[in-house]
Structure formats: C-alpha cells, structure tokens
Amino acid sequence: MSTTERTYIMVKPDGVQRGLVGKIITRFEERGYKIVALKFVQPTEEHLQKHYADLANKPFFPGLIKYMASGPVAAIVFEGLDAVKTGRAMLGATNPLASPIGSIRGDFCLAVGRNIIHGSDSVESAKKEIALWFPQGVTSWTSVFENWIYE
C-alpha cells in the first residue's frame, strides 16, 4: 500500500447548499489525509455526463445529471495510505439509511438521491476522475505531520 494513493471526493450540490464542505474536509484531514487538489466549480451537464458515463444506461441517469448540475460542487483530491478504500468507508453506503452513524452519509443525510458526497470506488476510477476534474494536475507536497501519521 502506498502513502501517495489518491482518491477523488466530490461534495455534491446538496452538501454544498447545506454548508458541509468544511466538515467533510475536516474529517479527511483529521484522519490523516492531505489535500493535493481542491476547487469549487459549477459543473456542466456535458462534464457530468463524462463523469457518470458508467451510469448512462440507468433509468435515473437524466435526473442525476440534472441534480448534479443544479449547483456548485467541491472537487477534492486527497492523498494518503489506502485513500480510496478508506475514503469509501468514511463516506458510508450509497443509501444513507444503511450507513453507520459516524460515517459522513450516516451522520448527515437520509435519502439516496441526496447523499451529499461522491468518492472514487477504485484506484483506476480515481485516476480517471482526477484527470477529468483536474486536467492541469495536482500539487505534490510533503506535510510536516507525515512522520506523525506513518511509521
């Protein structure tokens, strides 16, 4: 496992509207992950169709695109040990009612269609999503806390 694994996390429009961006970033940083890319953006439907291309044949796809384009999102890349798998665990289940208390979805939301956050589901997906949302690349830097986080 690499301490430089990256995951793409996106706070969806409902999370932005509810003022949860800071709380979500705090949870990742407190866990030991560092931000290597961050932007606040109003995504276009075309961009979202690329992001969610694997869901294009699902009946909920048009509604998902409309909802995701309804407001700004916070696009974030976190880096650290096992970032994808741990990030997914921190998010909780897609259905918030199946998410444990203590997970982001378990603490902050109730409905599948308004589950406040997206997280990469694999290292390969993370690479694609990071390239899509951050074509200019990400910032590489060393945190002074890394010696206190990793053995």
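Hydrogens, waters and symmetry mates play no part in the numbers below; they use all other heavy atoms, side chains included. We count residues from 1, following the sequence as given. The structure displayed is predicted, hence computed values, not measured ones.
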Fill in: Minimum-distance pair of heavy atoms, taken over all atoms of F108 and R18
O-NH1, 2.6 Å
Worksheet item: Heavy atoms, side chains only, cut-off 4.5 Å: are F28 and I76 in contact?
Response: no
Discussion item. Ignoring hydrogens, what is the shortest heavy-atom contact between V138 and R6? Give both atom names and the distance.
Written reply: CG2-NH1, 3.1 Å
Practice prompt. Apply side chain to side chain contact (heavy atoms under 4.5 Å, CB included) to Y33 and T7, showing your working.
Written response: CA-CA 10 Å; Y33 293 102; T7 190; over 6 Å; no
Discussion item. Within this structure, what is the CZ-CG distance for the pair R105 and L91, rounded to the nearest 0.5 Å?
Written reply: 4.5 Å
Quick one: side chains of residues 144-151, donor-acceptor pairs under 3.5 Å with protein atoms, not counting sequence neighbours, listed by atom name and distance.
unit_1: E146; atom_1: OE2; unit_2: K34; atom_2: NZ; d: 2.9
unit_1: E146; atom_1: OE2; unit_2: S143; atom_2: N; d: 3.2
unit_1: Y150; atom_1: OH; unit_2: L81; atom_2: N; d: 3.1

Worksheet item: Linking I/L/V/M/F/W/Y whenever their side-chain heavy atoms sit closer than 4.5 Å, directly or via other members, would V21 and I104 fall into one cluster?
Response: yes
Discussion item. For the CD1 atom of I117 and the OG1 atom of T94, what is their distance to the nearest 0.5 Å?
Written reply: 11.5 Å
Worksheet item: Quick one: does K12's side chain get under 4.5 Å of Y67's, heavy atoms only?
Response: yes
Discussion item. Before you tell me yes or no, could you show the steps for E46 and K50 under side chain to side chain contact (heavy atoms under 4.5 Å, CB included), namely the whole-Å CA-CA distance, both residues' side-chain angles and the distance that decides it to 0.1 Å?
Written reply: CA-CA 7 Å; E46 179 184 12; K50 291 177 186 174; 4.3 Å; yes
Worksheet item: Of all heavy-atom pairs between S99 and G106, which one has the smallest distance, and what is that distance?
Response: CB-N, 3.5 Å
Worksheet entry | CG/D54: more than 12 non-hydrogen atoms of other groups inside 6.0 Å | yes
Worksheet entry | S103 to A89 - nearest heavy-atom pair and separation | CB-O, 4.2 Å
Worksheet, complete the sentence: Interatomic distance, CG@L38 vs OG1@T139, rounded to 0.5 Å, equals 10.0 Å
Item to complete: Can you establish whether the number of heavy atoms outside K39 located under 6.0 Å from its atom NZ is more than 12?
Response: yes
Worksheet item: Any donor-acceptor pair under 3.5 Å linking the side chain of E5 with the backbone of V84?
Response: yes
Discussion item. Hydrophobic clustering (ILVMFWY, side-chain heavy atoms < 4.5 Å, transitive) - are I116 and V16 grouped together?
Written reply: yes
Distance-only donor-acceptor hits, side chain of residues 126-137, under 3.5 Å, sequence neighbours excluded:
unit_1: E129; atom_1: OE1; unit_2: H118; atom_2: NE2; d: 3.3
unit_1: E129; atom_1: OE1; unit_2: S120; atom_2: OG; d: 2.6
unit_1: E129; atom_1: OE2; unit_2: H118; atom_2: NE2; d: 3.0
unit_1: W133; atom_1: NE1; unit_2: H51; atom_2: ND1; d: 2.9

Worksheet item: Does F40 share a hydrophobic cluster with M10, counting links as ILVMFWY side-chain heavy atoms below 4.5 Å and allowing steps through other members?
Response: no
Worksheet item: Taking N95 for the side chain and V112 for the main chain, is one N or O donor matched with an acceptor at less than 3.5 Å?
Response: no
Worksheet item: Is the backbone of G102 close enough, under 3.5 Å, to the side chain of D107 for a donor and an acceptor to pair up by distance?
Response: yes
Worksheet entry | I25 with Y8, same ILVMFWY side-chain cluster at under 4.5 Å | no
Item to complete: Could you tell me whether the side chain of V41 reaches within less than 4.5 Å of the side chain of V73, counting heavy atoms only?
Response: yes
Item to complete: Could you walk me through whether L110 and L97 pass side chain to side chain contact (heavy atoms under 4.5 Å, CB included), step by step?
Response: CA-CA 6 Å; L110 295 170; L97 296 178; 3.9 Å; yes
Fill in: Donor-acceptor pair, side chain of S125 and main chain of D121, under 3.5 angstrom
no
Worksheet item: Which pair of non-hydrogen atoms, one from P96 and one from C109, has the smallest distance, and what is that distance?
Response: CB-O, 3.2 Å
Response to the item:
So CG of D14 and CE of M68: to nearest 0.5 Å the spacing works out to 8.5 Å
Worksheet item: With a 4.5 Å limit on heavy-atom distance, are the side chains of F78 and R31 in contact?
Response: no
Fill in: Where G71 and P43 come nearest, the two heavy atoms and their spacing
O-CD, 3.7 Å
Discussion item. I'd like to know if the side chain of R88 reaches the main chain of G119, judged simply by a donor and an acceptor atom lying under 3.5 Å from each other, with no hydrogens or angles considered.
Written reply: yes
